[in-house]
Amino acid sequence: MAKIQAIRGMNDILPEQTPVWQFVEDTVRRVLSQYGYQEIRMPVVEQTDLFKRSIGEVTDIVEKEMYTFEDRNGDSLTLRPEGTAGCVRAAEEHGLLFNQTRRLWYTGPMFRHERPQKGRYRQFHQIGVECFGMAGPDIDAELLILTARLWRELGLGEHTRLEINSIGTSAARREYREALVAYLSDYRDQLDDDSQRRLSSNPLRILDSKNPATQQLLEDAPSLDDYLDQESVEHFRTLRALLDAAGVAYTVNPRLVRGLDYYGKTVFEWITDSLGAQGTVCAGGRYDGLVEQLGGKPTFAVGFALGLERLILLLETLDLVPSSANGNVDVYVTAMGDAAVAPALALGETLRSALPEARIMVHCGGGSFKSQMKKADRSGARYAVILGENELANGTAALKPLRSDEPQQEIAQAELAGALENLLAR
């Protein structure tokens with residue numbers, strides 16, 4: 001019988017890989033906590049209409065990429081392709097936005113039926129940050145200052161760059177859209193296939209085309225800057241001033257747009273040049289109309305999402321994964337003979353209570369001294385604690401260094417935790 005394998009583009013994250021994931025997740029969680037953001041957790045399945053109404057029915061995501069199915073009741077459900085719409089739905093449904101501001105974040109898998117490639121998968125993981133109820137550019141600036149701090153914490157400060165733009169209000173974009181379509185219609189035959197399709201459905205996405213010939217045509221196209229409303233212009237000017245004051249470097253990219261219909265005013269991307277075409281590691285912007293669009297009261301909102309797979313790939317590519325993210329244990333306790341099993345388990349508990357930050361593994365499954373020491377070495381532990389017949393009789397433990405030439409020591413079990421604390425702190 002043939003073995004069943006994982007679905008293409010939906011990957012297992014193996015024990016050897018999870019420590020770097022935990023490192024990134026813990027770092028993000030710590031930084032967000034420093035800024036007072038609260039975690040929210042939403043289901044991975046939502047009503048299909050949630051995404052059609054929020055993302056837009058003529059976007060690539062809704063038209064081509066969503067995993068949509070009917071359940072047994074005949075309801076159309078969709079595996080979430082992004083997190084913002086679900087966060088808005090949850091916040092509105094549970095009254096979190098009523099006359100108050102909110103700073104929320106979430107993490108988990110998203111699903112899009114794209115062509116799998118390095119850094120892009122059909123099940124991928126994001127951390128999303130959403131802020132509600134704040135109209136000014138100060139909250140836009142805080143998000144960018146926050147992400148700049150995150151990159152520094154991860155060692156990526158010199159390997160990421162920020163691009164920002166303002167796409168104005170929906171009214172300004174409608175006027176600009178008409179001018180852009182009028183201009184590009186004269187060159188329709190010279191546009192790439194995707195841009196020809198977008199010309200009638202989502203023409204602003206043509207600005208983001210990676211096709212060199214299309215980009216050359218856009219050099220003489222109307223500029224969105226010329227169509228921005230005064231409020232958006234002032235909002236963007238103040239945002240830039242706040243970023244300058246905070247020392248956050250950026251580039252204004254007048255062709256930067258977002259692929260989802262609900263964005264307006266500020267949009268931004270954090271980009272790296274170290275991953276080739278998959279260079280965007282974090283993106284977001286303002287979406288002041290989305291809450292109302294989904295049935296709530298008008299609510300100011302801004303947020304971003306960062307892709308964990310791509311961020312981890314960047315850390316690995318640049319060899320910036322810290323040694324602490326190797327998943328190795330610190331201490332491996334062996335039990336030589338049946339009489340040592342119960343004392344070894346008890347000693348492991350004592351050490352964990354005394355050294356809560358240490359990773360301590362107790363050997364299970366029996367075996368000879370040689371086989372247990374081989375497993376201790378393969379665990380990556382720095383020290384092996386050996387409990388045998390003599391140690392049990394004397395109330396001691398043998399402490400053997402596994403990663404250095406230090407001599408083995410015989411230590412009283414009552415003093416073992418203190419000795420390990422000093423050694424592990426080196």
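In this chain, residues are counted from 1 in sequence order.
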Evaluate F51 against R80 for side chain to side chain contact (heavy atoms under 4.5 Å, CB included), listing each step before the verdict. CA-CA 8 Å; F51 303 113; R80 63 185 183 191; 3.7 Å; yes
What do the steps show when you test L347 against L387 for side chain to side chain contact (heavy atoms under 4.5 Å, CB included), and what is the final call? CA-CA 10 Å; L347 181 59; L387 280 186; 3.9 Å; yes
Please table the atom pairs, donor to acceptor, closer than 3.5 Å between any side-chain atom in residues 4-17 and protein atoms at least two apart or in another chain.
| unit_1 | atom_1 | unit_2 | atom_2 | d |
| --- | --- | --- | --- | --- |
| Q17 | OE1 | L14 | N | 2.7 |

Consider only side-chain N and O atoms of D229 and S232, and report whether a donor and an acceptor are under 3.5 Å apart. yes
Before giving the answer on salt bridge (charged side-chain N to carboxylate O under 4.0 Å, His left out), spell out for E175 and R177 the whole-Å C-alpha distance, their side-chain angles and the decisive distance to 0.1 Å. CA-CA 5 Å; E175 188 177 352; R177 170 180 170 151; over 6 Å; no
Check the surroundings of atom CE in M361: do more than 12 heavy atoms from other residues, nucleotides or ligands lie under 6.0 Å from it? no
Q47, CD: over 12 other non-hydrogen atoms inside 6.0 angstrom: no
Over all heavy atoms of both residues, which pair between Y183 and L217 is shortest? Give the atoms and the distance, please. OH-O, 2.7 Å
Hydrogens and angles aside, do T147 and W270 bring a side-chain donor and acceptor to less than 3.5 Å of each other? yes
Measuring from atom CG of L218 to atom CG of L180, what distance do you get when rounded to the nearest 0.5 angstrom? 7.0 Å
Separation between CG of L256 and CG of L207, rounded to the nearest 0.5 Å: 9.5 Å
Run the ring-ring contact (aromatic ring centres under 6.0 Å, His included) test against Y35 and tell me which residues pass, sequence neighbours left out. none
Side chains of T78 and T68: any donor to acceptor distance under 3.5 Å? yes
Going by the rule salt bridge (charged side-chain N to carboxylate O under 4.0 Å, His left out), which residues pair with D26 if we only count those two or more places apart in sequence or in a different chain? R29
Give a yes-or-no answer on whether the side chains of Y287 and E130 include a donor-acceptor pair shorter than 3.5 Å. yes
Can you tell me if Q100 has over 12 outside heavy atoms packed within less than 6.0 Å of its CD? yes
T27 vs E153, test: side-chain hydrogen bond (donor to acceptor under 3.5 Å, both in side chains). Steps then yes/no. CA-CA 7 Å; T27 303; E153 294 280 333; over 6 Å; no
Criterion side chain to side chain contact (heavy atoms under 4.5 Å, CB included) on C87 and M42, from CA distance to verdict: CA-CA 7 Å; C87 185; M42 301 91 65; 3.9 Å; yes
Donor-acceptor pair between Q123 and R112 side chains, under 3.5 angstrom: no
Output field: ring centroids H159/W151 closer than 6.0 Å: no
Without hydrogens or angle criteria, can the side chains of E70 and S76 be said to hold a donor-acceptor pair below 3.5 Å? no
Evaluate the side-chain hydrogen bond (donor to acceptor under 3.5 Å, both in side chains) criterion for residues D192 and S195: first the C-alpha distance (whole Å), next the side-chain angles of each, then the deciding distance (0.1 Å), finally the verdict. CA-CA 5 Å; D192 60 272; S195 296; 2.8 Å; yes
Short side-chain donor-acceptor distance under 3.5 Å, R102 and Q38: yes
Atom CG of residue position D186 - does it have more than 12 heavy atoms of other residues, nucleotides or ligands inside 6.0 Å? yes
Report, as yes or no, whether the 6.0 Å neighbourhood of atom OH on Y250 holds more than 12 heavy atoms from other residues, nucleotides or ligands. yes
Say whether S323 and N326, considering side chains only, have a donor N or O and an acceptor N or O under 3.5 Å apart. no
Under the salt bridge (charged side-chain N to carboxylate O under 4.0 Å, His left out) test, which residues partner E421, sequence neighbours left out? none
Sequence neighbours excluded, the answer for side chain to side chain contact (heavy atoms under 4.5 Å, CB included) partners of V321 is V20, L315, E316, A325
Atom CG of N73: over 12 foreign heavy atoms under 6.0 Å: yes
Residues D377 and Y332: side-chain donor-acceptor under 3.5 angstrom: no
Which residue pairs pass the ring-ring contact (aromatic ring centres under 6.0 Å, His included) test with at least one member in residues 65-98, sequence neighbours excluded? Y67-H113
